[in-house]
Number of protein chains: 2
Amino acid sequence: MSQEGVGIDLETSLGYLLKEASSALRTAMEEVLRPLGMSVTHYSCLELLAQRPGLSNSELARGAFVTRQTMNVLLQALERDGYVTRPAEAPVGKVLPTRLTPSGRRSLEKASAAVRSVEARMLSGLTGAEQAAAFGALKSMIRSLRGDDGGTRVVP
Amino acid sequence: MSQEGVGIDLETSLGYLLKEASSALRTAMEEVLRPLGMSVTHYSCLELLAQRPGLSNSELARGAFVTRQTMNVLLQALERDGYVTRPAEAPVGKVLPTRLTPSGRRSLEKASAAVRSVEARMLSGLTGAEQAAAFGALKSMIRSLRGDDGGTRVVP
DNA sequence: GAAGCTATGTCAGAATCCTGACATGAGTCA
DNA sequence: TGACTCATGTCAGGATTCTGACATAGCTTC
């Protein structure tokens with residue numbers, strides 16, 4: 001069957017499959033994070049800070065694939081609840097380096113374990129070689145879509 | 001370096017890479033669709049209808065990864081602008097089968113060509129074998145995340 | 001036939017996220 | 001030094017999407 005020349009064949013489109021996989025992953029993450037009272041963006045922010053302490057608001061936003069404004073309101077809430085800290089004044093420029101508090105680190109631990117189990121389930125049907133191949137393919141797709149090979153990356 | 005046992009290593013996480021690739025694809029699609037006055041969901045709806053005429057509102061929502069309510073407001077706008085048609089009364093049950101109008105089909109043609117070029121660019125650095133491997137890996141991930149192998153699929 | 005379950009279309013309200021805009025600080029170049 | 005460009009943090013408004021809820025239709029089971 002396929003298509004008669006017009007349109008994109010959704011059954012064989014890697015783009016559609018990419019969206020489908022990403023959607024399924026997000027749904028699965030939401031399911032395990034909801035009992036912890038945490039959203040995906042919420043978790044992403046904490047995980048980023050655990051690996052790169054001192055990240056700025058804008059860098060966190062890029063790393064979590066949201067805008068600066070969205071990350072800003074999230075950070076204000078996290079700061080109010082005592083999960084992260086930001087200096088009152090910027091040590092240099094306008095950048096406010098953010099750090100996890102012990103409370104934030106504790107909160108992240110449970111969430112991270114939950115997300116790790118989701119990722120393990122996602123990869124359960126793949127061999128190590130297949131995972132490596134998928135990794136390389138995704139890297140290539142991102143590079144091609146972005147146009148340039150360089151660019152600012154929060155997670156290189 | 002990597003991680004000291006805690007958390008997910010974002011540099012090697014396939015989940016993070018999946019989100020990154022999906023985000024890059026969405027951004028690229030938005031860029032080419034904006035000049036046509038079309039959003040990604042807008043385009044997805046039209047493309048789905050071109051391949052599966054008579055799809056219902058709920059089925060379109062599942063295929064475009066949004067809720068029924070979101071697709072409903074979109075369909076009302078598309079119907080008002082003459083891109084799709086729905087019968088005033090359901091021929092059977094409550095399901096209203098939706099179809100593209102000639103105007104909608106014309107509108108889709110340009111958008112589809114633009115999206116096709118984005119997908120081609122995305123895959124430009126991959127061989128056919130690599131694309132096939134990525135396809136299989138993504139299929140496996142989706143199957144594992146969903147838990148069951150069956151389930152209702154709009155695009156099988 | 002009646003009861004129960006699921007799925008659909010739709011409405012209303014709320015939460016989320018983004019676009020636009022502004023002032024400020026750092027780096028670059030003449 | 002001064003002008004220019006770029007990035008950052010932040011505020012306000014608006015657009016988009018989701019959650020919750022309702023009535024209804026079909027299917028299954030008794």
Side-chain angles (χ1 to χ4, degrees), chain A residues 19 22-23 26-27 29-31 33-34 37-45 48-49 52 54-80 84-99 148 150-154, chain B residues 19 22-23 26-27 29-31 33-34 37-45 52 54-80 84-99 148 150-154:
Chain A
K19 188 170 177 179
S22 180
S23 172
R26 186 176 188 88
T27 301
M29 286 177 66
E30 281 169 350
E31 279 172 6
L33 289 176
R34 190 172 314 125
M38 213 180 281
S39 75
V40 174
T41 309
H42 188 135
Y43 158 75
S44 301
C45 177
L48 280 163
L49 282 175
R52 307 238 186 282
L55 239 45
S56 73
N57 176 34
S58 290
E59 290 168 322
L60 285 168
R62 279 193 293 272
F65 310 103
V66 295
T67 59
R68 289 175 293 163
Q69 295 84 335
T70 299
M71 183 54 71
N72 195 28
V73 305
L74 174 60
L75 277 183
Q76 286 172 356
L78 291 177
E79 195 172 11
R80 170 175 49 79
V84 306
T85 53
R86 284 192 289 182
E89 291 185 4
V92 54
K94 299 185 67 176
V95 179
L96 294 175
T98 312
R99 292 185 176 276
D148 53 16
T152 308
R153 294 285 314 285
V154 176
Chain B
K19 187 170 179 181
S22 181
S23 172
R26 185 176 189 89
T27 301
M29 286 177 66
E30 281 169 351
E31 279 173 6
L33 289 175
R34 192 172 313 127
M38 213 179 282
S39 74
V40 174
T41 308
H42 188 134
Y43 157 76
S44 300
C45 177
R52 307 236 185 282
L55 239 46
S56 73
N57 175 34
S58 289
E59 290 169 323
L60 285 169
R62 278 192 293 271
F65 309 104
V66 294
T67 59
R68 289 174 294 165
Q69 294 87 334
T70 299
M71 183 55 70
N72 195 28
V73 305
L74 174 61
L75 277 183
Q76 286 173 355
L78 290 177
E79 194 171 14
R80 170 174 50 81
V84 307
T85 53
R86 283 192 289 182
E89 291 186 3
V92 54
K94 300 185 68 175
V95 178
L96 295 175
T98 312
R99 292 184 177 275
D148 54 14
T152 308
R153 293 285 314 283
V154 176

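Convention: sequence-line order gives letters A, B, ...; per-chain numbering from 1. Below, all heavy atoms of this structure are taken into account, side chains as well, without hydrogens, waters or symmetry copies.
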Query raised in the report: For DNA chain D, which nucleotides open and close the run of contacts to chain A, 5' to 3', at under 4.0 angstrom from a non-hydrogen atom?
Result: D:dT8 to D:dC11

Report task. Quick one: list whatever passes side chain to side chain donor-acceptor pair (under 3.5 Å) with A:Ser39, sequence neighbours left out. Result ->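 By the side chain to side chain donor-acceptor pair (under 3.5 Å) rule, A:Ser39 matches no residue at all.
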
Query raised in the report: Is there a side-chain contact between A:Leu75 and A:Cys45 (heavy atoms, below 4.5 Å)?
Result: yes

Nearest atoms (heavy-atom pairs only) where [X] meets [Y]:
| X | Y | value |
| --- | --- | --- |
| B:Leu60 | B:Met71 | O-CE, 3.6 Å |
| A:Gly54 | A:Arg99 | N-CG, 4.1 Å |
| A:Leu96 | A:Pro87 | CD2-O, 3.5 Å |

Report task. Go through the structure and list residues passing salt bridge (Lys or Arg N to Asp or Glu O under 4.0 Å) with B:Glu31, not counting sequence neighbours. Result -> none

Query - Residue that, paired with A:Leu74, satisfies side chain to side chain contact (heavy atoms under 4.5 Å, CB included) out of A:Asn57, A:Val84, A:Thr41 - result: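 In the set A:Asn57, A:Val84, A:Thr41, the residue that makes a side chain to side chain contact (heavy atoms under 4.5 Å, CB included) with A:Leu74 is A:Thr41.
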
Rounded to the nearest Å, what distance is computed from the [atom1] atom of residue [X] to the [atom2] atom of nucleotide [N]?
| X | N | atom1 | atom2 | result |
| --- | --- | --- | --- | --- |
| B:Gln76 | C:dA12 | CD | P | 11 Å |
| B:Arg34 | C:dC18 | CZ | P | 13 Å |
| A:His42 | C:dT16 | NE2 | C1' | 15 Å |

Spacing of [X] atom [atom1] and [Y] atom [atom2] [to the nearest 0.5 Å]:
| X | Y | atom1 | atom2 | value |
| --- | --- | --- | --- | --- |
| B:Glu30 | B:Met38 | CD | CE | 14.0 Å |
| A:Leu49 | A:Leu78 | CG | CG | 8.5 Å |
| B:Gln76 | B:Arg86 | CD | CZ | 6.5 Å |

Query raised in the report: Can any side-chain N or O of A:Thr27 pair as donor or acceptor with the backbone N or O of A:Ser23 at less than 3.5 Å?
Result: yes

Query raised in the report: Under 3.5 Å, side chain of B:Thr70 to main-chain N/O of B:Val66, donor-acceptor pair present?
Result: no

Query raised in the report: Across the strands shown, which category fits A:Ser39 at heavy-atom distances under 4.0 angstrom: base, sugar-phosphate, nothing?
Result: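 Answer is nothing: A:Ser39 stays at 4.0 Å or more from every strand.
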
Query - DNA chain C contacts made by residues 65-74 of chain A, counting heavy atoms under 4.0 Å - result: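 Those residues whose heavy atoms fall under 4.0 Å from DNA chain C, taken from residues 65-74 of chain A in numerical order, are A:Val66, A:Thr67, A:Arg68, A:Gln69, A:Thr70.
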
Query - Five-pair end axes of the helix from C:dG1-D:dC30 to C:dA30-D:dT1, angle between them (10°) - result: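 Computed angle between terminal axes is 40°.
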
What N/O pairs connect the protein and nucleotides 26-28 of chain C at under 3.5 Å? Give each pair on its own line.
| unit_1 | atom_1 | unit_2 | atom_2 | d |
| --- | --- | --- | --- | --- |
| C:dA26 | OP1 | A:Gly93 | N | 3.4 |

Report task. Could you walk me through whether B:Glu59 and B:Ser56 pass the side-chain hydrogen bond (donor to acceptor under 3.5 Å, both in side chains) test, one step at a time? Result -> CA-CA 5 Å; B:Glu59 290 169 323; B:Ser56 73; 3.2 Å; yes

